[in-house]
Amino acid sequence: QVQLVESGGGLVQPGGSLKLSCAASGSMFSIYTMGWYRQAPGKQRDLVAVITSRYMTNYADSVQGRFTISRDNAKEMVYLQMNSLKPEDTAVYYCNAAHNYIPTMKYWGQGTQVTVSS
């Protein structure tokens with residue numbers, strides 16, 4: 001139904017910035033709440049940021065003030081601007097799409113690696 005492809009990950013020094021992109025394909029992109037999650041080795045997958053169809057955003061406390069999620073419905077793209085990166089931000093970052101009205105319609109991308117290290 002919805003295919004998600006992340007890009008933009010890589011190696012960055014502490015304090016640096018990185019912008020992740022998620023390209024969506026399928027129907028009714030605007031009816032999905034979009035989110036970014038991350039998972040470090042041996043850890044659970046945690047919510048980083050979410051943006052609704054009406055552009056309301058929520059952030060994990062750990063990234064509040066440093067990360068910004070945005071979406072472009074016309075381009076079917078979701079972005080995560082990451083500033084002031086810390087080593088603890090190191091993880092695989094996943095794009096997620098959740099249908100606003102059908103709970104079972106939830107999709108994941110393959111993930112993109114972000115490594116924060118000097």
Side-chain angles (χ1 to χ4, degrees):
Q1 182 78 1
V2 177
Q3 295 183 171
L4 305 172
V5 180
E6 302 95 335
S7 63
L11 176 64
V12 64
Q13 295 184 354
S17 297
L18 207 59
K19 187 173 184 177
L20 306 183
S21 298
C22 173
S25 62
S27 60
M28 303 296 290
F29 175 78
S30 64
I31 207 169
Y32 287 84
T33 291
M34 304 299 298
W36 285 97
Y37 291 70
R38 67 186 181 187
Q39 186 170 208
K43 308 295 182 182
Q44 68 177 22
R45 189 172 298 184
D46 294 325
L47 176 69
V48 175
V50 62
I51 183 166
T52 70
S53 297
R54 297 195 181 278
Y55 302 96
M56 180 179 293
T57 59
N58 277 337
Y59 298 90
D61 289 342
S62 58
V63 306
Q64 184 74 242
R66 299 188 297 121
F67 291 10
T68 302
I69 188 172
S70 61
R71 68 189 294 167
D72 186 330
N73 288 344
K75 295 181 178 179
E76 297 188 329
M77 296 286 292
V78 184
Y79 308 96
L80 184 68
Q81 177 66 51
M82 304 184 293
N83 299 324
S84 302
L85 283 162
K86 306 174 181 179
E88 50 262 47
D89 294 319
T90 296
V92 177
Y93 284 70
Y94 297 91
C95 184
N96 170 267
H99 197 281
N100 289 338
Y101 308 116
I102 306 175
T104 56
M105 294 182 66
K106 185 174 293 184
Y107 306 92
W108 295 94
Q110 293 297 115
T112 184
Q113 177 71 48
V114 172
T115 302
V116 184
S117 176
S118 58

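All figures in this text were calculated on a predicted structure; none of them were measured in a lab.
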Residue pairs fulfilling ring pair (Phe, Tyr, Trp, His ring centres under 6.0 Å) with at least one residue in residues 11-34, sequence neighbours excluded: Tyr32-His99

Does Arg45 have any salt bridge (charged side-chain N to carboxylate O under 4.0 Å, His left out) partners at least two apart in sequence or in another chain, and if so, which? none

If we only count heavy atoms from C-beta on, is the Met28 to Val2 side-chain gap below 4.5 Å? no

Heavy-atom count check: over 12 atoms from other residues, nucleotides or ligands less than 6.0 Å from Gln39 CD? yes

Shortest non-hydrogen contact from Ala40 to Ala91? N-CB, 3.9 Å

I'd like to check the side-chain contact (heavy atoms from CB on, under 4.5 Å) partners of Ala60; sequence neighbours left out, ordered by chain and number. Ser62, Val63

Heavy-atom nearest pair, Ile51 first then Ser70, reads CD1-CA, 3.9 Å

Going by the rule side chain to side chain donor-acceptor pair (under 3.5 Å), which residues pair with Gln113 if we only count those two or more places apart in sequence or in a different chain? Thr115

What salt bridge (Lys or Arg N to Asp or Glu O under 4.0 Å) pairs are there with at least one residue in residues 8-29, not counting sequence neighbours? none

When hydrophobic residues are tied together by side-chain contacts of less than 4.5 Å, even through go-betweens, does Val92 share a cluster with Val12? no

Side chain of Tyr94, backbone of Thr112: donor and acceptor closer than 3.5 Å? no

For residues Ser118 and Pro14, report the shortest heavy-atom separation together with the two atoms involved. N-CD, 3.7 Å

Salt bridge (Lys or Arg N to Asp or Glu O under 4.0 Å) partners of residues 82-94, not counting sequence neighbours, each pair once: Arg38-Asp89, Arg66-Asp89

Taking side-chain contact (heavy atoms from CB on, under 4.5 Å) as the definition, give me every residue that meets it alongside Val50, ordered by chain and number, with sequence neighbours left out. Thr33, Leu47, Asn58

Quick test of your reading: applying disulfide (SG to SG under 2.5 Å), list the pairs with at least one residue in residues 68-118, sequence neighbours left out, ordered by first then second residue. Cys22-Cys95

Measure the spacing between OH of Tyr93 and OH of Tyr37 and express it to the nearest 0.5 Å. 14.5 Å

Is any side-chain heavy atom of Leu20 closer than 4.5 Å to one of Met82? yes

Any residue meeting side chain to side chain donor-acceptor pair (under 3.5 Å) with Ser21, in chain and number order, not counting sequence neighbours: none

Below 3.5 Å, can you tabulate the donor-acceptor pairs from side chains in residues 101-109 to any protein atom, sequence neighbours excluded?
none

Could you list all the salt bridge (Lys or Arg N to Asp or Glu O under 4.0 Å) pairs where at least one residue sits in residues 107-118, not counting sequence neighbours? none

Where do Ile69 and Gly35 come nearest, in terms of heavy atoms and distance? CD1-CA, 4.2 Å

If you take all heavy atoms of Ala49 and Leu80, which pair is closest and at what distance? CB-CD1, 4.2 Å

Enter the distance from Asn96:CG to Trp36:CH2 here, rounded to the nearest 0.5 Å. 10.5 Å

What closest approach, in Å, do Ser84 and Ser17 show between heavy atoms, and which atom pair accounts for it? N-OG, 4.4 Å

Are the side chain of Glu6 and the backbone N or O of Gln110 linked by a donor-acceptor pair below 3.5 Å? yes

Quick one: do Leu18 and Tyr59 end up in the same hydrophobic cluster if we chain Ile, Leu, Val, Met, Phe, Trp and Tyr together by side-chain heavy atoms under 4.5 Å apart? yes

Could you name each residue pair satisfying side-chain hydrogen bond (donor to acceptor under 3.5 Å, both in side chains) that touches residues 73-82, not counting sequence neighbours? Tyr55-Asn73, Arg71-Asn73, Gln81-Asn83

